[in-house]
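Atoms within each ligand, like the ligands themselves, are counted from 1 in listed order. Here, residue 1 is the first one in the sequence, and each next residue gets the next number.
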Amino acid sequence: MNKQVVLYKKLSPLLMARLHEQTDVTLIDNLNADGLAQLRDALPRAHGLLGASLKLDAQLLDLAPNLQAIASVSVGVDNYDIDYLTERRILLSNTPDVLTETTADTGFALILASARRVVELANMVRAGEWKRNVGPAQFGTDVHGKTLGIIGMGRIGEALAQRGHFGFGMPVIYHSHSPKPAVEQRFNAQYRSLPELLQQADFVCLTLPLTAETEGLIGKQQFALMRPQTIFINISRGKVVDEAALVEALRSGQIRAAGLDVFEREPLNADSPLMQMDNVVATPHIGSATHETREAMATCAVDNLLQALAGERPANLVNSGAWKA
Ligand code: NAP
């Protein structure tokens, strides 16, 4: 009998064909109330799940007694209760590496856009308000040569450091669990404690995962250490930041600007003060959102799922404790 797979994300025809060849597929292509009801109906027979952007908690997964594997189409795994999955020996896999460069590109887009006020000034042109040459009131600030501060020197942090160091001549400082000698050598980067980094970086960039340890890591106290010229960039997860404290830091001039791809609540509420601020560039969680990279992520997730359902260890297993050869 074929394994039963529930997709809660649409895949390309090529990947659908691959899954259909080896499994029976139920597709839930919209996670609205109807879609969630369909998911609940499908869970009791599911051996494998594949998708993204849905909190799969114990309450939901208790409906799936046959579940063997979840293939997340993301590198971040904050939507999963890893201890619960491990206890049930459900193999969780993710899609690292294939999205690293694209997400770092997004980070750099936000750095440039917020420093050079690209969105604000492009909106001015579009509104027909470009009547004369811009003056100091519209000037931005340089990116090249400024100090790039990276919090979370993993795959994406390193790709950001590469762009800053080689492309823009930026001194790189970073904070992580532990120093990274290879990164220091490649990019002439220097390790800093978190408070030191917040005080010294012109661009404070978050590239670390959302975990119990990092939730709310950047709040009022941390913004207070930044300087009026600091530009704050978040391409990690919204909940790493206390958003009310961020709004206050922007309002009071404690920091200059922010480039944000992720938010405490997504989609961002229409009444969020961040929507009204000229010194905020907000993008709708597009870190990895290019045609090429989303297809590569989906391919990686399908590979992981098929490996797991075939009794093999998936290449990108997150909870190795769930694996029993
Ligand atoms: P990664 O290679 O695992 O890197 C994460 C780094 O964060 C690690 O090097 C780790 O340091 C560091 N870190 C973790 N907890 C920390 C803490 N409490 N203090 C300081 N450093 C800490 O992961 P990645 O592939 O670069 O992805 C990072 C995150 O980016 C993902 O988890 C995801 O949430 C986010 N992301 C967002 C988008 C988007 O669309 N905006 C796209 C892709 C990824 P050590 O190595 O020292 O342990």
Subject >> ligand 1-proximal atoms of T106, by part, heavy-atom distance under 4.0 Å >> reply: neither
**OP:** With atom 35 (C) of ligand 1 as the reference point, say which of P96, S236, P209 has the nearest heavy atom.
**Re:** S236
Original post:
Should H175 be counted as touching ligand 1, given the test is an N or O pair under 3.5 Å?
Top reply: no
Original post:
If we only count N/O pairs under 3.5 Å, is T103 in contact with ligand 1?
Top reply: no
Original post:
If we only count N/O pairs under 3.5 Å, is S176 in contact with ligand 1?
Top reply: yes
Subject >> Transitive ILVMFWY side-chain link I28 to L43, under 4.5 Å >> reply: yes
Subject >> Between Y174 and F187, ring centroids under 6.0 Å >> reply: no
Original post:
Among A289, G154, P179, which one has a heavy atom closest to atom 6 (C) of ligand 1?
Top reply: G154
**OP:** Please indicate whether any nitrogen or oxygen in I286 is less than 3.5 Å from any nitrogen or oxygen in ligand 1.
**Re:** no
**OP:** For ligand 1, find out whether one of its N or O atoms is nearer than 3.5 Å to an N or O atom of H285.
**Re:** yes
Original post:
If we only count N/O pairs under 3.5 Å, is D78 in contact with ligand 1?
Top reply: no
Original post:
Is R237 salt-bridged to D78, cutoff N-O under 4.0 Å?
Top reply: yes
Original post:
Between N316 and N94, is any side-chain donor less than 3.5 angstrom from a side-chain acceptor?
Top reply: no
Original post:
Do ligand 1 and G76 have nitrogen or oxygen atoms that lie under 3.5 Å from each other?
Top reply: no
Original post:
Can you tell which part of R237 has a heavy atom less than 4.0 Å from ligand 1: side chain, backbone, both or neither?
Top reply: side chain
Original post:
Looking at the rings of F168 and F108, which for Trp means the six-membered one, are their centres under 6.0 Å apart?
Top reply: yes
